[in-house]
Amino acid sequence: MVSEPRSILILYGSQSGNSEELAEQAGKDCANHGLNPSVKSMDEIQINDLTNQKRILVYCSTWGDGEQPDNAEDLWEAANAGSITDLNGLNFSVLALGDTSYDLFCESGKEWDAWFETMGAKRVHQRVDCDVDYEGPAAEWTAAVLPLMAAIEDDPMDVDNDSSSTSVTSVEETSGVEAPKKSDKSQWNAKNPYSTNISENYVLNGEGSGKETRHIVFQLGDSGLNYKAGDALGVVPRGPPEVVQEILSMTSLTGEETVETHAGEFSLRDALIDKYEIHRVSKKWIESLGPRVVSSSSSIDIKIVSRKRSSSRDGTVLMDWSGSGDDGDVPEQYVEIGMPSNPSENLWNELTSDPKAMEDYMWSRDYVDALSDFGHIGFTAQQLVEGMDRLKPRLYSIASSPDHEPGTVHLTVGIVRYNHHDRDKTGLCTGFLADRCEVNQTEIGVFMSPTRSFVLPEVGSADAIMVGPGTGIAPFRAFLQQRDINGDTGRNWLFFGDWTEEGEYYYRDEMESWKERGVLDKHDLAWSRQGSEKVYVQHLMKKNGEEIWNWIDGGGYFYVCGDKNYMAKDVHSTLIEICSEHGGMSPDEAKEFVETTLMKTQKRYLRDVY
């Protein structure tokens with residue numbers, strides 16, 4: 001891969017498409033700075049291609065527990081294989097995407113940033129680590145780094161003295177050899193989902209349960225979509241039409257107006273249904289209201305020059321005062337009560353000056369709620385959609401082996417329902433699947449999201465401990481199906497739990513069958529709302545600490561799937577305690593063993609948490 005004059009290589013490591021979109025936009029912005037961009041997925045280049053570059057930008061997300069996204073994994077392994085030792089003369093900068101609710105926030109981007117520095121490359125702009133609300137910081141970083149890259153002069157020896165062309169030339173056209181090909185991938189992805197429907201959609205909960213968890217089966221038809229146990233299915237939701245109609249009514253718009261979106265021109269109604277996240281108001285949308293909500297900075301000078309008061313009973317004059325209007329020349333007992341206030345302006349000022357207030361406001365409000373507070377300012381169709389978050393697909397852990405029922409993919413979905421501000425609401429995608437997807441009728445966009453970091457042991461004789469309460473059971477149903485079909489001899493131990501056995505014992509019949517046939521060797525159940533004490537999976541782990549250690553010490557794998565905020569952290573801490581107590585380690589040694597040896601070196605501790 002030969003570097004062309006004024007060239008810049010823009011690499012992206014992306015799992016769900018966010019880094020890819022940012023990289024592509026940066027490529028378009030390069031024209032404003034006289035740069036010739038080549039935008040590449042990390043699996044489209046070889047590690048040695050970096051040696052001929054003058055300028056490189058990296059957009060990289062983090063997947064799972066600090067893992068490189070799948071399309072970056074091979075390049076990252078090659079980067080650490082020792083084939084490159086010097087990138088002196090290369091200028092780089094990294095934008096990292098992540099989620100602060102994970103312990104290893106933006107870890108993949110941090111790793112690339114440190115690697116380029118270690119190789120002797122020059123960092124032209126400090127790395128920026130973006131949380132889930134990444135659009136603003138990412139745009140600021142791109143706007144700041146491109147001029148810095150443009151200011152870097154090409155080395156004279158790298159420039160063809162006879163060349164006067166300023167056209168953008170792709171890497172493939174200049175290399176003289178065939179460009180490295182992408183690994184085989186499906187044509188179906190987040191931008192081009194496969195349109196299918198569901199053949200089954202039923203509630204798994206027992207009667208009287210306070211939850212709604214559904215088993216949903218998608219047909220793969222002639223898509224050619226393939227998957228393995230451990231992968232996720234991407235589902236593209238649609239906004240609720242009744243909420244869209246309410247938004248249109250509140251703004252006195254018809255829905256037929258044409259608006260410009262990130263994906264092109266659409267009618268306003270179609271854009272609200274298929275292009276934007278209307279179930280939760282965005283920070284950018286609120287901030288954009290400022291010029292129309294905040295009153296003019298110019299003030300009005302009001303002076304009192306006369307005052308007359310009469311009795312309402314007999315008309316007697318009680319006060320007849322006149323003055324000069326100068327400061328201090330006011331009637332007796334006159335009290336100034338302050339300037340009239342605008343509630344919307346006051347609210348906007350509070351939200352934009354207090355991050356916590358903004359977060360609380362956004363968390364519980366959709367655009368119907370927000371328009372109740374700000375709708376009076378009036379909106380054109382384009383103003384309404386400006387600043388709304390783009391509609392994003394949702395990823396769900398697959399709950400089936402591809403060999404269990406070929407041509408289908410199964411999900412275990414917890415339906416989100418709640419009431420805020422006197423309105424019943426649902427999660428955008430879970431409500432779509434539960435309430436608006438008719439079996440064998442409704443068209444639904446889907447795609448596969450493969451994983452390389454949450455997979456079954458390569459050796460079928462290896463033991464597997466699986467911890468998956470609630471909907472975290474999904475991938476372990478797939479694992480057990482696959483190990484059963486494969487005839488794997490390794491032992492299987494499942495920790496499952498939820499509120500009650502009567503209401504939330506998902507896939508009971510299958511579990512009992514696996515136990516009877518010896519597929520599921522150990523099965524521990526934790527019910528948090530049954531009995532006098534709350535019992536969670538980590539409590540059962542502690543009771544079985546010695547045996548868990550023996551399985552791990554014997555080469556067993558340890559898997560966790562489910563809630564990252566509480567359950568996964570508690571399980572992680574408990575695992576460290578078990579390794580310390582039964583593995584003869586100090587607490588620090590056990591932490592190092594779990595977080596480095598098991599997770600990173602041996603990759604026998606794998607997590608799918610969300």
Side-chain angles (χ1 to χ4, degrees), residues 199-200 202-206 213-218 226-231 396-413 451 454-498 500-527 530 535 537 540-541 543-544 546-562 571 604-606 608:
S199 56
E200 295 182 60
Y202 58 87
V203 175
L204 289 166
N205 306 83
T213 304
R214 288 179 174 263
H215 183 78
I216 303 175
V217 179
F218 291 79
N226 297 307
Y227 68 95
K228 65 183 180 300
D231 286 349
Y396 295 95
S397 302
I398 293 175
S400 59
S401 156
D403 301 317
H404 167 69
E405 195 175 85
T408 68
V409 58
H410 299 203
L411 300 183
T412 309
V413 180
T451 179
F454 194 76
V455 295
L456 282 168
E458 292 183 6
V459 180
S461 59
D463 295 333
I465 301 171
M466 296 164 273
V467 182
T471 55
I473 189 65
F476 302 136
R477 179 178 185 259
F479 278 13
L480 289 166
Q481 286 178 350
Q482 193 65 60
R483 300 201 88 185
D484 186 14
I485 293 169
N486 292 347
D488 292 344
T489 58
R491 295 174 296 174
N492 298 302
W493 187 350
L494 176 65
F495 288 86
F496 174 74
D498 211 304
T500 66
E501 181 175 357
E502 294 76 14
E504 292 82 36
Y505 190 174
Y506 309 138
Y507 306 114
R508 178 199 295 261
D509 292 344
E510 290 179 69
M511 299 298 163
E512 295 300 325
S513 174
W514 279 323
K515 285 192 285 187
E516 290 174 6
R517 295 192 294 109
V519 176
L520 184 54
D521 299 271
K522 290 183 68 68
H523 192 202
D524 285 271
L525 302 170
W527 308 116
Q530 185 170 299
V535 180
V537 287
L540 300 185
M541 284 175 58
K543 289 182 178 180
N544 293 273
E546 184 176 2
E547 190 169 2
I548 288 175
W549 168 251
N550 290 336
W551 281 44
I552 291 173
D553 191 40
Y557 284 63
F558 190 89
Y559 296 91
V560 181
C561 181
V571 167
R604 290 193 292 124
Y605 175 20
L606 307 175
D608 175 13

Within the supplied structure, the quantity of interest is the number of heavy atoms (other residues, nucleotides, ligands) at a distance under 6.0 Å from Glu405 CD; does it exceed 12?
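Check passes, neighbour count above 12.
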Mind checking what makes side-chain hydrogen bond (donor to acceptor under 3.5 Å, both in side chains) contact with [X], not counting sequence neighbours?
X	result
Trp514	Asp484
Trp551	none
Lys515	Glu512, His523
Gln482	Ser401, Asp403, Asn486

Give, for atom [atom1] of [X] and atom [atom2] of [Y], the distance between the pair rounded to the nearest 0.5 Å.
X	Y	atom1	atom2	value
Phe496	Tyr507	CZ	OH	9.5 Å
Arg604	Leu606	CZ	CG	10.0 Å
Asp463	Ile552	CG	CD1	10.5 Å
Ile465	Asp521	CD1	CG	11.5 Å
His215	Leu411	NE2	CG	8.5 Å
Asn492	Leu480	CG	CG	5.5 Å

Using atom types as modelled, flag every donor-acceptor pair under 3.5 Å from a side chain in residues 471-478 to any protein atom, sequence neighbours excluded.
unit_1 : atom_1 : unit_2 : atom_2 : d
Thr471 : OG1    : Tyr610 : OH     : 3.3
Arg477 : NE     : Glu510 : OE1    : 3.2
Arg477 : NE     : Glu510 : OE2    : 3.1
Arg477 : NH1    : Ala399 : O      : 2.7
Arg477 : NH1    : His410 : ND1    : 3.3
Arg477 : NH2    : Glu510 : OE1    : 3.4
Arg477 : NH2    : Glu510 : OE2    : 3.1

Who passes side-chain contact (heavy atoms from CB on, under 4.5 Å) against [X], sequence neighbours left out?
X	value
Asp553	Trp549
Val203	Asn205, Glu212, Arg214
Lys543	Leu540
Glu200	Tyr202, Val217

State which residues pass salt bridge (charged side-chain N to carboxylate O under 4.0 Å, His left out) with Glu501; sequence neighbours excluded, sorted by chain then number.
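Checked Glu501 against salt bridge (charged side-chain N to carboxylate O under 4.0 Å, His left out); matches are Arg508.
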Partner residues of Phe495 under the ring-ring contact (aromatic ring centres under 6.0 Å, His included) criterion, sequence neighbours left out
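ring-ring contact (aromatic ring centres under 6.0 Å, His included) list for Phe495, sorted by chain: Trp493.
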Using the ring-ring contact (aromatic ring centres under 6.0 Å, His included) criterion, which residues pair with Tyr605? Sequence neighbours excluded.
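ring-ring contact (aromatic ring centres under 6.0 Å, His included) check on Tyr605 returns Phe558, His572.
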Which atom of [X] lies closest to which atom of [Y], heavy atoms considered:
X	Y	result
Gly497	Val537	N-CG1, 4.2 Å
Asp608	Phe454	N-CE1, 3.5 Å
Arg483	Ala464	NH1-CB, 3.4 Å
Met511	Tyr505	CB-OH, 4.1 Å
Ile485	His404	CD1-N, 3.8 Å

Less than 4.5 Å apart, side chain to side chain, heavy atoms only: is that true for Tyr559 and Val467?
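Tyr559 vs Val467: side chains apart.
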Side chain Asp231, main chain Thr451, donor-acceptor under 3.5 Å:
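Yes; at least one donor-acceptor contact below 3.5 Å.
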Audit row: Thr213, Tyr506, side-chain hydrogen bond (donor to acceptor under 3.5 Å, both in side chains) steps and yes/no
CA-CA 9 Å; Thr213 304; Tyr506 309 138; 2.8 Å; yes
